[in-house]
Engineer: 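Structure provided below as structure tokens; questions to follow.
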Amino acid sequence: MAHLFDFEKPIVEMIQKISDLQKFSEEKGIDLSQQIATLEKKVASLKTEIYGSLEPWQKVQIARHPERPNFYDYAPLLFEDFIELKGDRLFADDRSVAGGIALFHGTVVTVIAQVKGKGTKENIKRNFGMPHPEGYRKAVRLMDQAEKFGRPILTFIDTPGAACDLAAEERGQGEAIARCLQAMAGYHVPVISTVIGEGGSGGALALGVGNVILMLENSFYSVIAPESCASILWKDTTKAKEAAAALKFTAQDLLRLGVADEIVREPQGGAHNNLHQTAEELSQVIAKYLVRLREETPEALREKRYQKLRAIGVFEEAATINLEKGLD
Amino acid sequence: MAHLFDFEKPIVEMIQKISDLQKFSEEKGIDLSQQIATLEKKVASLKTEIYGSLEPWQKVQIARHPERPNFYDYAPLLFEDFIELKGDRLFADDRSVAGGIALFHGTVVTVIAQVKGKGTKENIKRNFGMPHPEGYRKAVRLMDQAEKFGRPILTFIDTPGAACDLAAEERGQGEAIARCLQAMAGYHVPVISTVIGEGGSGGALALGVGNVILMLENSFYSVIAPESCASILWKDTTKAKEAAAALKFTAQDLLRLGVADEIVREPQGGAHNNLHQTAEELSQVIAKYLVRLREETPEALREKRYQKLRAIGVFEEAATINLEKGLD
Amino acid sequence: MFKDIFRKTKYVTIQAAPIQKRSPSEDGQQKPLIIKKKELPDGLWVKCPKCGEVLFTKNLDENARVCTACEYHFRITARARLGLLVDENSFEEWDAEMLTQDPMEFPGYPDKLVVAQEKSGLLEGVLTGQAKIEGVPVVLAFNEGNFMMGSMGSVVGEKIVRAIERAIELRLPVVIFSTSGGARMQEGILSLYQMAKTSAALGRLAEHHLLYISVLTDPTFGGVTASYASLGDIQIAEPNALIGFTGPRVIKQTMKQELPKGAQTAEFNQEHGLIDLIVGRVQMRSALARLLRYHQEGAKYGASV
Amino acid sequence: MFKDIFRKTKYVTIQAAPIQKRSPSEDGQQKPLIIKKKELPDGLWVKCPKCGEVLFTKNLDENARVCTACEYHFRITARARLGLLVDENSFEEWDAEMLTQDPMEFPGYPDKLVVAQEKSGLLEGVLTGQAKIEGVPVVLAFNEGNFMMGSMGSVVGEKIVRAIERAIELRLPVVIFSTSGGARMQEGILSLYQMAKTSAALGRLAEHHLLYISVLTDPTFGGVTASYASLGDIQIAEPNALIGFTGPRVIKQTMKQELPKGAQTAEFNQEHGLIDLIVGRVQMRSALARLLRYHQEGAKYGASV
Ligand SMILES: [Zn+2]
Ligand SMILES: [Zn+2]
């Protein structure tokens with residue numbers, strides 16, 4: 001456990017204790033197997049307790065874990081083949097967005113994913129997973145081809161947000177995201193969007209206009225970063241924890257709000273503890289929805305996606321209270 | 001006559017002589033009206049002779065005349081209203097390409113034009129009429145809107161060629177021109193392309209995929225600049241005159257080759273001698289074709305444009321010689 | 001002109017339920033909604049923040065609140081814009097009674113809404129409806145900058161989408177005036193998805209070959225820039241309006257990058273290919289009228305305007 | 001592998017009328033068309049221009065003429081590419097007998113054509129037809145760099161357009177390998193319009209939802225870059241291939257601008273968003289086969305590959 005969270009310390013301490021007992025037992029030749037078994041049970045129940053009741057801010061930390069699997073980790077496990085295609089044909093190839101054609105459970109699909117780097121060097125190359133306009137324009141270009149050739153689209157969301165620098169402003173970050181939203185809403189092919197890590201505001205949403213929206217168990221998807229929210233609300237970025245709770249952005253919140261369709265289970269402690277298991281869960285859930293969506297006609301796919309968007313929002317009119325699905 | 005061509009000198013000399021005679025006649029009180037009338041007739045016939053038999057290289061000089069009217073000179077005379085619309089929505093607004101919506105003979109049209117500057121300062125701003133990729137992308141954006149709203153498209157060609165610098169290469173000059181060609185070929189609205197000055201190779205062609213291709217009398221439209229051609233053929237850029245003759249790029253040549261549909265008359269000596277008259281001719285000819293094209297169905301407009309392109313080219317197959325229309 | 005029309009449309013009667021406070025800490029303490037009549041600036045003069053010229057309020061109002069010395073555009077309300085723009089008595093407001101809830105039970109949101117309603121004289125941050133501009137029928141929406149900085153929550157998104165959907169039914173063009181700080185944090189993910197919802201609705205409008213003009217006014221940022229404000233067939237901006245995705249303060253904080261002078265102005269955006277036309281507020285009505293007229297269905301080729 | 005397949009397809013028999021010299025200065029002197037068999041390089045070894053390695057011709061040929069030390073891609077002919085790519089005996093050539101005329105009576109053109117025919121062993125600068133790649137049927141075109149630098153005149157344009165039109169009839173994907181200096185000056189405006197003609201034909205292919213893969217090889221410039229070579233659904237380049245609109249010499253001459261090292265390479269173009277994939281010649285066949293297979297009509301969603 002290279003990167004340890006505070007809330008994981010009790011678990012680690014107990015594991016250390018077990019290890020000490022085992023060492024002691026071996027050295028002294030004393031049978032402590034019963035005591036050790038008891039402690040191991042305790043570890044298991046502690047894990048269930050801690051990981052089963054993570055607070056939003058703890059989930060943020062897991063979602064941002066430096067070793068959390070990124071798209072390139074999942075790709076070889078999810079796809080029988082993946083051919084990465086590059087460039088927006090206009091200005092550059094944005095390395096914070098990967099796109100291409102893949103074979104998924106025997107079906108040819110178009111894949112678009114945001115990619116954070118691992119380590120500083122790769123993070124600089126990928127702009128910490130924050131796409132510039134050319135990233136969104138590459139996405140639209142490739143998704144347009146999916147529409148042209150009738151391929152389902154799978155998107156994977158993992159970004160702190162869209163790039164927020166002068167270059168992004170100069171090349172029309174707002175326009176690029178808006179076009180992406182509009183394009184995704186119009187396709188006649190199945191679109192499945194999965195938040196695999198951070199879903200940071202408009203920059204994440206740009207890939208989030210799916211017929212189905214899935215979220216990994218410890219991912220979050222928010223209108224604003226908790227730190228920025230704290231800064232606005234309380235002029236205090238250290239109150240990010242409180243902001244995280246207020247924003248209701250966990251997978252569980254979004255399922256309840258009717259935005260997310262299903263939560264993809266992660267191994268105890270987070271996806272970084274078992275990449276293969278996470279990929280397998282992810283693969284099964286996406287495949288399940290893909291099979292369902294493939295039953296739909298192209299027009300129905302488009303219309304239902306529109307209606308799904310259309311229903312997001314809570315308001316009242318005169319005395320009538322409009323309660324959208326999923327909201328209690 | 002600020003800018004005087006060599007071939008115009010005999011005319012100017014004779015006009016000077018007339019002026020001298022008039023002065024002499026007035027000073028001395030001698031009636032020379034008959035001699036002056038004779039000389040004036042001579043001037044007229046000299047003009048007809050010289051301007052009626054201009055060599056290709058002389059036409060190039062007229063087409064490149066620093067005072068030759070550009071699109072912005074014609075616009076207020078051609079259109080009852082012109083609203084310029086800017087930008088490619090991606091990178092920049094290219095000032096060597098003007099575009100917008102105009103009222104032409106009571107019809108709303110979309111207008112796209114290449115614009116050279118007048119004088120050094122404006123020429124730098126307009127990159128000497130050489131568009132960068134953003135110019136072509138602006139053109140496609142605006143022409144796509146013409147298609148969306150069912151407006152005829154009028155293009156005006158006047159460029160030494162597309163921009164040929166590192167920036168143009170970086171942003172995909174080839175792609176930008178190719179997309180422009182492909183887009184124009186696909187529209188269901190009438191497209192009329194007019195060469196008003198220089199039609200310099202691919203950069204000019206990008207706006208030249210019309211149902212109708214018109215050329216001002218002293219314009220030219222060439223696969224390569226005569227200087228560059230001379231440099232390749234004879235390693236000698238001063239042989240541009242010979243190259244100009246070899247390239248067969250005058251309005252008259254293109255009419256004969258079946259590429260141009262009609263030649264728009266210019267005032268004697270060139271458009272710069274009478275802007276209003278040129279604009280009036282231009283207006284009448286474009287209006288004539290627009291009326292004709294508006295009779296066609298959208299599908300026919302597109303199909304006939306394709307067939308027009310399809311027929312350009314001269315080749316033989318086995319023994320059969322393929323003679324395309326317009327070629328004798 | 002400005003003042004007269006402003007007066008005509010200023011005192012709107014809003015008959016709708018007040019926002020219900022749902023925060024448990026304030027249970028029972030329902031504060032009634034008070035729609036204050038917004039007064040015209042009561043001073044006789046105001047100082048232009050750009051050129052420093054001292055302007056008589058009367059002259060400023062008569063010039064659409066554009067500085068008569070330097071053309072600085074003072075910010076104005078949604079209703080003031082409406083008054084400047086549409087033919088007399090032609091405006092029919094839509095969905096005026098739609099009210100925000102507090103689905104996230106977000107700290108302080110109900111209070112903020114009440115303050116915003118008092119400050120703006122509107123129940124929510126957008127005004128939508130149908131009107132005529134120089135006789136041409138059009139569907140209109142105006143963000144209200146005084147309502148939580150024109151931020152987009154569920155009501156703003158829903159009202160805009162409904163306006164667009166009605167425009168499709170009526171086969172009318174749409175003009176939206178944006179002024180916004182972005183998505184409304186207090187409605188969380190629901191607010192974020194209003195970006196997708198409005199963009200999708202505009203996609204449908206486009207498929208029906210109906211015109212959409214986006215008019216960007218000072219300031220337009222964030223989720224609004226990244227949705228409906230950037231999707232116009234024609235993009236118009238008011239002179240000097242600040243327009244961008246990320247605000248200059250955030251860019252400075254997060255990227256340690258000082259923006260060059262003039263960055264994110266309307267003019268900067270136009271140079272970068274994002275704006276078709278920069279139109280002064282005084283000329284806006286006639287500019288829109290021309291554009292609308294040239295896009296009327298009868299104006300398609302084959303017909304004359 | 002390379003050598004064997006190359007041999008199989010090398011000795012093509014061309015039965016067509018030779019180019020007719022039309023230049024009045026050479027009246028009567030009709031030079032018969034001689035199609036010389038292109039010999040394999042007769043030396044036993046060749047030096048790599050990039051890394052300087054001395055390579056045995058046999059090894060170089062067996063490696064698709066890619067340097068075994070540094071992967072430098074030597075230029076190869078259209079027929080050699082064909083041999084490397086398609087299933088044995090699957091190629092059916094189209095329009096092989098189409099001949100160029102001299103519509104402009106351009107100085108020296110007929111002579112140049114004869115030289116080009118002798119040098120390339122082809123009647124014109126492009127080879128088109130239908131074949132199979134790993135069993136997948138496809139329409140193919142290859143520019144021939146030895147034919148007047150792969151320039152596009154009437155015949156090149158016409159053959160490419162016919163190939164695309166036949167692909168539409170047959171509902172087949174199209175792959176074009178480009179190598180070209182650009183439009184063919186000697187055919188003037190007719191040559192220029194081949195850019196529009198080929199681009200328009202590809203537009204029709206796209207409307208039929210058929211795949212077009214453009215493979216850019218060293219060098220691709222000018223009118224070919226500004227037409228069919230840039231219009232691929234998928235853009236592939238060979239490593240280090242020079243690709244651009246204006247050649248570096250002309251940029252230097254006209255703009256007094258020295259291009260930075262690495263400008264206009266395949267890698268430069270990919271960084272600038274213009275190329276999807278850089279694929280070595282040895283891997284080209286299998287890469288194309290995968291892409292073609294994934295775009296077969298049966299591969300649409302609902303079906304498996
Ligand atoms: Zn002022
Ligand atoms: Zn080598």
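Lettering follows sequence order; numbering is per chain, from 1. Everything quoted here is computed from the prediction, not taken from an experiment.
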Engineer: Give the minimum heavy-atom separation between D/S154 and B/G313, together with the two atoms involved.
Structural biologist: OG-CA, 3.4 Å
Engineer: Take D/F106 and B/L233, measure what side-chain contact (heavy atoms from CB on, under 4.5 Å) needs, and give me the verdict at the end.
Structural biologist: CA-CA 11 Å; D/F106 199 92; B/L233 276 188; 3.5 Å; yes
Engineer: Contact part of D/K112 toward chain B, heavy-atom cut-off under 4.5 Å: side chain, backbone, both or neither?
Structural biologist: side chain
Engineer: Is the closest basic N to carboxylate O distance between D/E105 and B/K248 below 4.0 Å?
Structural biologist: no
Engineer: Please tell me if the side chains of B/F315 and D/V155 come closer than 4.5 Å, counting only heavy atoms from C-beta onward.
Structural biologist: yes
Engineer: I need the contact set between residues 153-171 of chain B and chain D: heavy-atom distance under 4.5 Å, sorted by residue number.
Structural biologist: B/A162, B/A163, B/C164, B/D165, B/L166, B/E169, B/E170
Engineer: Please classify the contact of D/M104 with chain B as side chain, backbone, both or neither, using a heavy-atom distance under 4.5 Å.
Structural biologist: both
Engineer: So which heavy atom on D/Q101 is nearest to which on B/V314, and how close?
Structural biologist: OE1-CG1, 2.5 Å
Engineer: Roughly how far apart are B/I312 CD1 and D/E158 CD, rounded to 0.5 Å?
Structural biologist: 11.5 Å
Engineer: Flag the pair D/F245 / B/P133 as yes when at least one side-chain heavy-atom distance between them is below 4.5 Å, and no otherwise.
Structural biologist: no
Engineer: Of the backbone (N, CA, C, O) and the side chain (C-beta and beyond), which part of B/F249 lies under 4.5 Å from a heavy atom of chain D, both, or neither?
Structural biologist: neither
Engineer: For the interface with chain B, which of D/S230, D/P107, D/A183 has the highest count of heavy-atom pairs at distances below 4.5 Å?
Structural biologist: D/S230
Engineer: Minimum heavy-atom separation for B/S201 to D/L192, with atom names?
Structural biologist: C-CD1, 3.6 Å
Engineer: Between D/K197 and B/R310, does the side-chain contact (heavy atoms from CB on, under 4.5 Å) criterion hold? Intermediate values first, please.
Structural biologist: CA-CA 6 Å; D/K197 192 165 137 178; B/R310 196 65 196 75; 3.8 Å; yes
Engineer: Identify which one of B/D253, B/L205, B/L257 satisfies the side-chain contact (heavy atoms from CB on, under 4.5 Å) criterion when paired with D/I189.
Structural biologist: B/L257
Engineer: Checking D/A206 against chain B: side chain, backbone, both or neither under 4.5 Å from a heavy atom?
Structural biologist: neither
Engineer: Under a 4.5 Å heavy-atom cutoff, which of B/E242, B/M184, B/E303 has the most pairs with chain D?
Structural biologist: B/E303
Engineer: Closest heavy-atom contact between D/S227 and B/L181?
Structural biologist: CB-CD1, 4.5 Å
Engineer: Looking at B/E317 and D/K159, is any side-chain nitrogen of the basic one under 4.0 Å from a carboxylate oxygen of the acidic one?
Structural biologist: no
Engineer: Out of D/R204, D/Q264, D/E207, which one racks up the most heavy-atom pairs below 4.5 Å with chain B?
Structural biologist: D/R204
Engineer: In the structure I gave you, are the side-chain heavy atoms of D/T100 and B/E316 within less than 4.5 Å of one another anywhere?
Structural biologist: no
Engineer: Is it the backbone or the side chain of B/L254 that comes under 4.5 Å from a heavy atom of chain D, or both, or neither?
Structural biologist: side chain
Engineer: For chain B, which residues from residues 266-279 of chain D lie under 4.5 Å away (heavy-atom distances)?
Structural biologist: D/F268, D/H272, D/L274
Engineer: Under a 4.5 Å heavy-atom cutoff, which of D/G157, D/G182, D/G188 has the most pairs with chain B?
Structural biologist: D/G188
Engineer: Please report the interatomic distance OG(B/S231) to CD(D/Q253), rounded to the nearest 0.5 Å.
Structural biologist: 6.0 Å
Engineer: Any chance you could lay out the side-chain contact (heavy atoms from CB on, under 4.5 Å) test for D/L231 and B/R179, step after step, and finish with the verdict?
Structural biologist: CA-CA 7 Å; D/L231 293 169; B/R179 291 283 160 207; 3.6 Å; yes
Engineer: Minimum heavy-atom separation for B/G208 and D/Y193, please, with both atom names.
Structural biologist: O-OH, 2.7 Å
Engineer: Which distance, rounded to the nearest 0.5 Å, do you find between the CE of D/M195 and the CG of B/L309?
Structural biologist: 12.0 Å
